[in-house]
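Let me begin by presenting the structure, written as structure tokens, before commenting on it.
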Amino acid sequence: MGRGVASTNKFLLPDQGGLMAIGKPQSPSEPPASERLDSWKEIAAYLKRDESTVRRWEKEGLPVHRHAHKRKATVYAHKPEIDVWWNNGRARLELMETAAPGRRRRVVWWAAAGLVLLGVGLGLNLGAVRDRLLGRPLAGEITSIAVLPLKNLSGDRDQDYFADGITEALITELGKIGTLQVISHQSVLAYRGAAKPLPQIARELKVNALLEGAVLRSGGRVRITANLVQAAPERHLWAESYDFDQRDVLAVQGEVARNVASRIRVRLTPREQARLTTSQRVDPEAYEACLLGRAYFDKTLTPTGWTRAREFFEKAIEKDPGYARAYASLAELYTRAEYLGPLTRDPRDGRLKARQWAEKALKLDDTLAETHTALARVTQQEWDWAGAEREYRRAIELNPSYPLARIWYAQYLWAMQRFEEAVAQAKRAQQLDPVSPLINTWAGAAYFYAGRADEGMASMQEALELDPSYSNASIVLARAYVKQGMYQQAIAELQKALIFNERESLVLGALVHVYARAGQREKALKLLGELKRMEAEEPGYVPPFAIIWAYAGLGDKEQAFARLEKSYQERRDRMVWLNVDPLLEPLRSDPRFHDLVRRVGLPAAKAQ
């Protein structure tokens with residue numbers, strides 16, 4: 001029973017709709033029935049040996065038990081005891097199997113031959129010897145997992161956010177395990193209520209195993225059931241139920257992750273073990289408020305959604321001032337404020353608040369990858385490049401499966417013109433979150449800046465197939481077309497984006513640029529006039545780069561540099577892309593541009 005867990009019940013049989021509970025809670029002194037091997041045949045199969053061999057091994061200490069009320073041949077064993085015995089004595093046993101009694105001199109010969117064969121095995125990787133000894137995954141081993149959306153058993157659809165929040169928390173906990181690839185929450189949400197067979201889902205997500213289950217909350221109690229299934233060959237690995245006080249939810253989430261790691265035989269480092277073990281309790285109202293804030297934050301990034309998320313995170317802090325996740329979530333939220341129109345009138349305020357919340361979170365818990373990612377973005381916007389990279393690396397160390405840390409780090413890397421490193425991080429982010437328009441968009445940019453135009457275009461198109469209204473994807477794709485001189489394709493893409501976002505100022509600014517570069521200056525000037533009216537009517541609504549792109553395309557360098565200087569003073573986020581943004585290309589021959597690059601602290605531009 002885990003720390004803070006009121007009771008733990010084992011489940012033996014999965015059914016088609018979830019888990020079928022049978023039996024009663026096991027005695028703490030007796031391992032559960034699912035951990036028992038009930039015959040010589042089962043013991044031999046578990047050890048991957050024939051029955052005669054394992055019967056001989058009983059004399060060497062193999063922990064076999066006999067039923068006192070049955071005949072002598074009826075035996076059973078417990079898997080945990082077998083595992084300990086096997087790990088402690090395997091080398092000696094396998095040597096004894098090759099050395100006949102009374103021929104001890106031959107043991108030396110066989111041992112020497114074994115060393116030679118081991119060397120050959122390492123060289124040729126025969127029988128996956130090299131992979132096993134070097135810690136690499138073997139065929140059939142579980143190195144990746146997806147946590148499918150937990151079912152909400154309350155019968156109240158308004159409680160879906162609670163099940164989703166627990167799902168996301170389990171993904172975060174499992175993501176702390178360095179040797180395990182864990183698919184992101186956004187990518188698994190597409191499978192909520194899906195009727196697809198589990199092996200098919202595993203193939204689509206490219207994982208070895210799936211964790212599914214359900215959540216039921218009643219009063220102050222919560223019950224989580226979890227079922228772990230290997231995809232190929234399909235087999236049930238483990239199932240368990242956790243019934244606990246909601247205050248203990250943080251401890252239970254870590255316990256589930258540790259149990260999953262144990263069942264798939266993933267080795268945890270001491271640091272990982274410590275990160276997955278906590279006795280911290282959380283106020284139930286604070287936990288619920290944070291989940292509601294995450295629901296608004298994850299599903300919509302409009303000014304209204306942003307404000308509602310902030311209110312819930314602040315409520316969580318009010319209810320439980322020691323809850324680090326709420327502070328970290330506020331820090332994440334404020335790093336996004338610059339992209340929300342009227343909220344961006346002075347981006348320095350947003351950065352200051354993001355840093356304050358991140359630093360408060362770190363004082364309470366310095367192991368949250370989300371906190372370090374938020375702090376990295378703030379530090380990057382302050383143009384402390386070494387500090388930003390240090391925080392990105394720390395975030396990835398704490399949670400290697402956190403896709404946002406990797407894609408934001410990729411953006412940092414291409415700003416530093418370390419393009420191949422950016423591609424590596426972008427690819428990893430896509431593996432972790434394959435259905436995210438955001439991830440696919442910025443991964444596409446990484447490929448494009450690295451000179452991999454075809455891969456970049458494909459990734460951006462994938463983003464638009466996932467969400468045709470995602471304007472960032474349209475802008476990035478249009479910029480790629482501009483770089484290749486494909487102005488009509490860029491215009492068509494931006495016009496499609498306006499169908500979904502007719503007043504999206506960045507799309508309009510990019511379109512002014514492309515019209516001008518394509519020789520359609522009258523259209524460009526008319527659209528620029530509309531942008532300036534929008535800017536006058538609602539100050540702060542039009543981000544600076546919408547106008548900068550427009551003036552750059554029109555060749556009005558004086559106006560463009562005046563706006564760039566203002567963005568420099570305000571330390572606008574897009575300033576970090578001075579060297580790579582194709583819509584700034586008309587300005588790069590001007591000495592003022594090189595001076596700006598120098599002052600921002602970016603490396604001198606390389607020819608692309």
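Taking the side chain as every heavy atom from C-beta outward, Tyr447 and Met457 never approach each other to under 4.5 Å. Side-chain contact between Arg377 and Tyr412 is absent, with no heavy-atom pair separated by less than 4.5 Å. Under the 4.5 Å side-chain criterion, counting only non-hydrogen atoms from C-beta, Ile317 is in contact with Trp357. The closest side-chain heavy-atom distance from Val266 to Val260 is not below 4.5 Å. Residues Gln431 and Lys206 form no side-chain contact, since every pair of their non-hydrogen atoms from C-beta on lies 4.5 Å or further apart. Looking only at side-chain heavy atoms (C-beta outward), Gln425 and Arg418 stay at 4.5 Å or farther from each other. Side-chain contact between Val600 and Trp385 is present, with at least one heavy-atom pair separated by less than 4.5 Å. Between Thr167 and Leu170, the closest side-chain pair of non-hydrogen atoms is not below 4.5 Å.
Closest non-hydrogen pair, His372 versus Leu362, comes out as NE2-CD2, 3.4 Å. Nearest heavy atoms, Ala410 versus Ala426: CB-N, 4.2 Å. Pairing each heavy atom of Leu375 with each of Ala358, the nearest pair is CD1-CB, 4.2 Å. Contact detail for His513 and Leu583: the closest heavy-atom pair is CE1-O, 3.0 Å. Closest heavy-atom contact between Val423 and Ala446: CG2-O, 3.7 Å. The two residues Leu268 and Ala261 have their closest heavy-atom pair at CD2-CB, 4.0 Å.
The structure places CG of Leu531 at 9.5 Å from OH of Tyr551, a figure rounded to the nearest 0.5 Å. Here the CD1-CG distance, from Ile166 to Leu291, works out to 6.5 Å after rounding to the nearest 0.5 Å. The distance from the CZ atom of Arg394 to the CG atom of Leu368 is 10.5 Å, given to the nearest 0.5 Å. Taking CG of Leu276 as the start and CD1 of Ile177 as the end, the distance is 5.5 Å to the nearest 0.5 Å. Interatomic distance, OG1 of Thr277 versus CG of Leu250, reported as 12.5 Å (0.5 Å rounding). Distance check, rounded to the nearest 0.5 Å: CD1 of Ile547 to OG of Ser505 gives 8.0 Å.
Residues Tyr334 and Trp306 place their aromatic rings such that the two centres sit under 6.0 Å apart. Trp383 and Tyr568 have their aromatic ring centers within a separation under 6.0 angstrom. Aromatic ring centres of Trp442 and Trp577: separated by under 6.0 Å. The six-membered or imidazole ring of Trp414 lies away from that of Phe419, with a centre-to-centre distance of 6.0 Å or more.
Salt bridge absent: Glu332 and Arg310 never bring a charged side-chain N and a carboxylate O closer than 4.0 Å. Salt bridge Arg598/Asp595: present, at least one basic N to carboxylate O contact under 4.0 Å. Classification of Asp365 and Arg325 as a salt-bridged pair fails, no side-chain N sitting under 4.0 Å from a carboxylate O. A salt bridge does not link Glu558 with Arg563: none of the charged nitrogens is closer than 4.0 Å to a carboxylate oxygen. A salt bridge links Glu359 with Arg355: the closest approach of a Lys/Arg side-chain nitrogen to an acidic carboxylate oxygen falls below 4.0 angstrom. Contact check on Arg574 versus Asp581 returns no salt bridge, with no Lys/Arg side-chain nitrogen under 4.0 Å from an Asp/Glu carboxylate oxygen. Between Glu311 and Arg308, at least one side-chain nitrogen of the basic residue sits less than 4.0 Å from a carboxylate oxygen of the acidic one, meeting the salt-bridge criterion. Under the 4.0 Å criterion applied to side-chain N and carboxylate O atoms, Arg294 and Glu370 are not assigned as salt-bridge partners. Here Glu538 does not pair with Arg533 in a salt bridge; the nearest charged N to carboxylate O distance is not below 4.0 Å. Between Glu585 and Arg588 there is a salt bridge, since at least one side-chain N of the basic residue sits less than 4.0 Å from a carboxylate O of the acidic one. Salt-bridge check for Arg351 with Glu570: failed, with every basic side-chain N at 4.0 Å or more from each acidic carboxylate O. Ion pairing between Arg275 and Glu272 fails under the 4.0 Å rule for side-chain N and carboxylate O. Checked for salt-bridge contact, Lys496 and Glu493 meet the test: a charged N lies under 4.0 Å from a carboxylate O.
Between the side chains of Glu462 and Asn440, no donor-acceptor pair is found at a separation under 3.5 Å. For Asp433 and Ser187, the side-chain atoms include at least one donor-acceptor pair closer than 3.5 Å. In summary, the side chains of Asn208 and Thr143 do present a donor paired with an acceptor at a separation below 3.5 Å, with no hydrogens or angles considered. Side chain to side chain, Gln381 and Arg571 fail the donor-acceptor criterion of an N or O pair below 3.5 Å. Between Tyr409 and Glu389, the side chains place a donor N or O and an acceptor N or O closer than 3.5 Å (distance only, hydrogens not considered). Side-chain contact, Glu204 with Tyr191: a donor N or O sits under 3.5 Å from an acceptor N or O. In this model, a donor atom of one side chain and an acceptor atom of the other lie less than 3.5 Å apart for Gln569 and Glu565.
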Problem - side chain to side chain contact (heavy atoms under 4.5 Å, CB included) between Phe448 and Leu477, worked out - result: CA-CA 10 Å; Phe448 189 80; Leu477 182 55; over 6 Å; no
Handout entry: CA sep, side-chain torsions, deciding dist, call: Val514, Gln520, side chain to side chain contact (heavy atoms under 4.5 Å, CB included)
Key = CA-CA 8 Å; Val514 185; Gln520 301 179 44; over 6 Å; no
Problem - Pair Ser459-Gln430, side-chain hydrogen bond (donor to acceptor under 3.5 Å, both in side chains): steps then yes or no - result: CA-CA 9 Å; Ser459 189; Gln430 281 184 301; 2.9 Å; yes
Practice task
Report the C-alpha separation of Gln273 and Arg258 in whole Å, then their side-chain angles, then the decisive distance to 0.1 Å, and conclude whether the side chain to side chain contact (heavy atoms under 4.5 Å, CB included) test is met.
Solution key: CA-CA 8 Å; Gln273 183 75 31; Arg258 293 197 308 275; 3.2 Å; yes
Problem - Evaluation steps, side chain to side chain contact (heavy atoms under 4.5 Å, CB included), between Phe561 and Leu587 - result: CA-CA 8 Å; Phe561 277 108; Leu587 307 176; 4.0 Å; yes
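Heavy-atom neighbours of Arg267 CZ from other residues, nucleotides or ligands within 6.0 Å: at or below the threshold of 12. Surrounding CZ of Arg271 are at most 12 heavy atoms belonging to other residues, nucleotides or ligands under 6.0 Å away. Heavy atoms of other residues, nucleotides or ligands lying less than 6.0 angstrom from NZ of Lys315 number 12 at most.
At least one donor-acceptor pair under 3.5 Å links the side chain of Asp320 to the backbone N or O of Gly322. When atom types are taken as modelled, the side chain of Ser401 and the backbone of Val182 share a donor-acceptor pair closer than 3.5 angstrom. Here the side chain of Asn579 pairs no donor or acceptor atom with the backbone of Leu602 at under 3.5 angstrom.
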